[in-house]
Novice: 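One structure coming up, written as structure tokens, with questions to follow.
Only heavy atoms go into these numbers, but all of them, side chains included; no hydrogens, no water, no symmetry mates. By convention in this document, chain letters (A, B, ...) are assigned in the order of the sequence lines, proteins followed by strands, and residues within each chain are numbered from 1.
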2 protein chains.
Amino acid sequence: MRFATRDNGTADGELLVVSADGTRGLSAGPEWPNLLGALDRWEAALPALGALADRVAVGQGADLDPAELRAPLPRTWQWLDGSAFPTHGELMQQAFNLPPIETDKPLMYQGMSHEFLAPAAEVPFPSAADGIDFEGEFGVVTGPVPMGCPADEALAHVRLVVLINDWSLRTIAPIEMKTGFGWVQAKPACSVAPFAVTPDELGEAWRDGRVCLSLTVEVNGAWFGHPNGQAMAYGFHELIAHAAATRSLPAGTIIGSGTVSNPEHAVVGSTCISERRAIERIAHGEFRTPFLGDGDRVAMQVGKDAAFFGRIDQRVKVIG
Amino acid sequence: MRFATRDNGTADGELLVVSADGTRGLSAGPEWPNLLGALDRWEAALPALGALADRVAVGQGADLDPAELRAPLPRTWQWLDGSAFPTHGELMQQAFNLPPIETDKPLMYQGMSHEFLAPAAEVPFPSAADGIDFEGEFGVVTGPVPMGCPADEALAHVRLVVLINDWSLRTIAPIEMKTGFGWVQAKPACSVAPFAVTPDELGEAWRDGRVCLSLTVEVNGAWFGHPNGQAMAYGFHELIAHAAATRSLPAGTIIGSGTVSNPEHAVVGSTCISERRAIERIAHGEFRTPFLGDGDRVAMQVGKDAAFFGRIDQRVKVIG
């Protein structure tokens, strides 16, 4: 099944069940008014949502207006973002002469979850001097996960898969990272592609707890990268187990993969400017690609037809 | 005004307006069923809540059962915790031979906000080997704060003041801190004292964006410390402005002071075991106070009569 959230003036929006081509949708109605509520009672919601999916599959539903679609979860209780692609970390360390991060566990920070931006929304930033950058990521939305859930039981708690742009401010990020406290100012609201899909929708592309699809990024209409989500050092089951080691996770928790990055970056490019700049510095001794400014446009999708998740297509708005 | 949340089987609990002595309360009723909802429409809620406070002040309301009280906000959209008492950081650095943290900004991390434990709840931990510790803190609950809010406008957004035990796992904390990503496993759910109070309730004790009260901690019935909240290097207005630099804050955001700590620690003690252990190591070359184990009891309150916030009184439950 595939879900979207339509703006209806409420904080959580209106839950829609969406056709496989992403063009039509049916409202889940007053019993399941929004996705966060449906995730709270997922087993109870599935029959009704499945019936709507059957109707959409035979051609029912109204045409979707992309401008009305919000993030599938416009807000949720928890956003924990990993950094599971080792190539990304290695490039950053090489370019900036940093020591490897010493840990035998997945890397993860907690980010803001009270606001996820709509896929076509303008994205406000206070200053271009902050080093405005994107990060293309896959993510999973979990049901409730008990504290201590082992990795080999964690995939059963994955309800949905999403595509995320984890907006990042690169001038601030290393300063906050050096404190050891993680990022607050460097990680403003993320954006999310319009459709959240159940893992079965992905077919063979969902395996080993990984989204084995290429995440294509375009900046101002030009290709920027399309690395594949398969290259995670830890799968989502391991990220969930890491997150749940000392806490239970509520329904609606989103776990992110971190910036999708592949060893073949010379061919497949990157999903954030910072990594491309690192590659430039290693190769040429200097940064060549600037960070973003007012009016710059960033798009993300899977494949040429924006498969599964639809398309994020946004403009940067510097309000300072 | 003073508020509490009673367990009524819902995720957010039932909002109560509470007497100044913390013994009686009146339900805010179906229009204001819970505190998170009231914070969303605070200006609209104030007349009704004020009328209830007037009734409570003249003796109305039912006796409160402490066992039924939950955290004032059993869950909320955002928990950002500072570390604003410089003595705490200095002692930790001296004891562990760490360099000072290089930053000219407040220290802050984002912690889990989907669960705050009730003041009399048993507190579950997976393992005593994780170094179970408490941190006594004051915190503020904000209304909506716009992105870029300056510090000199931030105090106007403070709706409530709370007393928090930020449970911490000391074996894990330095490992996560070294990654730069902040804490996930080292910071399980916090506990909150039963009453959230409007700043005016504190009178002269609320000044310069600081809670100028002594936070008393007892462990297994014995005094552990009572340092004063006045000694923050940054006031809550500065912590709010830091948090809101690149994001807007939703109503119900909780901002924490960090472990309350005073230069006069030889007299006033500490509000976490880790700091006491640091002092022991500096003085004696060895740690003497162990971290907590199954059945240990931790209580926190202000003054002898648990003024303003009531009393946290909990037992540790090691479930591993």
Side-chain angles (χ1 to χ4, degrees), chain A residues 11 40 75-83 98 101-115 124-127 130 132 147-148 167 169 172-189 242-253 258 319-320, chain B residues 11 40 75-83 98 101-115 124-127 130 132 147-148 167 169 172-189 242-253 258 319-320:
Chain A
D40 260 341
R75 62 177 179 177
T76 193
W77 297 109
Q78 187 167 240
W79 157 236
L80 294 168
D81 195 12
S83 182
L98 300 171
I101 293 175
E102 291 174 48
T103 181
D104 56 358
K105 294 178 176 181
L107 295 167
M108 185 174 285
Y109 73 94
Q110 179 148 7
M112 60 174 273
S113 62
H114 66 273
E115 183 183 18
F125 295 99
S127 169
D130 291 338
I132 301 167
M147 183 165 83
W167 291 100
L169 300 174
I172 303 170
I175 297 168
E176 291 193 324
M177 196 173 180
K178 269 171 67 175
T179 68
F181 279 56
W183 301 287
V184 175
Q185 295 184 351
K187 294 288 188 178
H242 177 80
T246 63
R247 64 178 69 179
S248 59
L249 311 183
T253 292
I319 59 176
Chain B
D40 260 341
R75 61 178 181 177
T76 192
W77 297 108
Q78 186 167 243
W79 157 236
L80 294 167
D81 195 13
S83 182
L98 300 170
I101 294 175
E102 292 174 46
T103 181
D104 56 358
K105 294 178 176 181
L107 295 167
M108 186 174 284
Y109 73 93
Q110 179 147 8
M112 60 173 273
S113 63
H114 66 272
E115 183 183 20
F125 295 99
S127 169
D130 291 338
I132 301 167
M147 183 166 82
W167 291 102
L169 299 175
I172 303 169
I175 297 168
E176 291 192 324
M177 196 173 181
K178 270 171 69 177
T179 68
F181 279 56
W183 301 286
V184 175
Q185 294 184 351
K187 293 288 188 177
H242 177 80
T246 63
R247 64 178 68 180
S248 60
L249 311 184
T253 292
I319 59 176

Novice: Can you name the ring-ring contact (aromatic ring centres under 6.0 Å, His included) partners of A:Trp77, sequence neighbours left out?
Specialist: B:Trp77
Novice: Side chains of B:Gln110 and A:Phe181, heavy atoms from C-beta outward: is any pair under 4.5 Å?
Specialist: no
Novice: Return the option, out of A:Asp130, A:Ile101, A:Thr253, with the maximum number of heavy-atom pairs under 4.5 Å with chain B.
Specialist: A:Ile101
Novice: Hey, which of B:Leu169, B:Ile319, B:Val184 has the most heavy atom pairs under 4.5 Å with chain A?
Specialist: B:Val184
Novice: Using every non-hydrogen atom in the two residues, find where A:Ser248 and B:His114 come nearest and quote the distance to one decimal.
Specialist: O-NE2, 2.8 Å
Novice: Who wins among B:Gln78, B:Arg75, B:Glu115 for the most heavy-atom pairs under 4.5 Å with chain A?
Specialist: B:Arg75
Novice: Pick one of side chain, backbone, both or neither for A:Ala245, based on which atoms fall under 4.5 Å of a heavy atom in chain B.
Specialist: both
Novice: At a 4.5 Å cut-off on heavy atoms, which part of B:Pro174 comes close to chain A: side chain, backbone, both, or neither?
Specialist: neither
Novice: Taking side chain as everything from C-beta outward and backbone as N, CA, C, O, which of these in A:Thr103 sits under 4.5 Å from a heavy atom of chain B? Side chain, backbone, both or neither.
Specialist: side chain
Novice: Between A:Ala186, A:Gly111, A:Gly148, A:Ser113, which has the largest tally of heavy atom pairs under 4.5 Å with chain B?
Specialist: A:Gly111
Novice: Specify which of B:Thr76, B:Ile172, B:Leu80 makes the most heavy-atom pairs with chain A at under 4.5 Å.
Specialist: B:Thr76
Novice: Could you pull out the closest heavy-atom pair between B:Met147 and A:Pro126, with the gap in Å?
Specialist: CE-CD, 3.9 Å
Novice: With no hydrogens and no angle check, just 3.5 Å: does a side-chain donor-acceptor pair link B:Gln185 and A:Lys105?
Specialist: yes
Novice: Could you pull out all residues at least two apart from B:Lys178 that satisfy salt bridge (Lys or Arg N to Asp or Glu O under 4.0 Å)?
Specialist: A:Glu102
